[in-house]
> 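Provided herewith is a single structure, encoded as structure tokens, for subsequent inquiry.
Along the sequence shown, the residues carry numbers beginning at 1.
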Amino acid sequence: MSDLIVKAAVKEYLDDHNVASDFYEALDEEAAELVDKAAERAAANDRKTVQSRDL
């Protein structure tokens, strides 16, 4: 699995919070699932281009 999440960006976004190390892996898994579903929807609509509407 590739890392979809940039840890520094998450830390910056959550600047008022501490972030547990296992949070990044869980967030990356959620993002991968979302991207996979969007790709499936695009394919189901005979498209190779994944668009915002596939989310």
> Calculate, to the nearest 0.5 Å, the distance between atoms CD and NZ belonging to Glu40 and Lys37 respectively.
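So the CD of Glu40 and the NZ of Lys37 are separated by 8.5 Å.
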
> Counting heavy atoms not belonging to Asn18, are there more than 12 under 6.0 Å from its CG?
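Open.
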
> Is a donor on one side and an acceptor on the other found under 3.5 Å between the side chain of Asp28 and the backbone of Asp3?
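Answer holds: no.
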
> Work out which heavy atom in Ile5 is nearest to a heavy atom in Ala31; give both atom names and the distance.
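That would be CD1-CB, 3.9 Å.
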
> Can you give each donor-acceptor pair under 3.5 Å made by side-chain atoms of residues 9-16, sequence neighbours left out, with the distance rounded to 0.1 Å?
none

> Between Ala39 and Val50, what is the shortest heavy-atom contact and its length?
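Shortest heavy-atom separation between Ala39 and Val50 comes out as CA-CG2, 3.9 Å.
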
> Sub-3.5 Å donor-acceptor pair from the side chain of Arg41 to the main-chain atoms of Arg53, do we have one?
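Yes, the answer is positive, given that a donor and an acceptor are paired below the 3.5 Å cut-off.
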
> How close do Ala42 and Thr49 get, heavy atom to heavy atom, and via which atoms?
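Ala42 and Thr49 have their closest heavy atoms at CB-O, 3.7 Å.
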
> What about Val19 and Leu27, same hydrophobic cluster or not, with Ile/Leu/Val/Met/Phe/Trp/Tyr joined at side-chain heavy-atom distances under 4.5 Å?
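Yes; Leu27 is reachable from Val19 via cluster members.
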
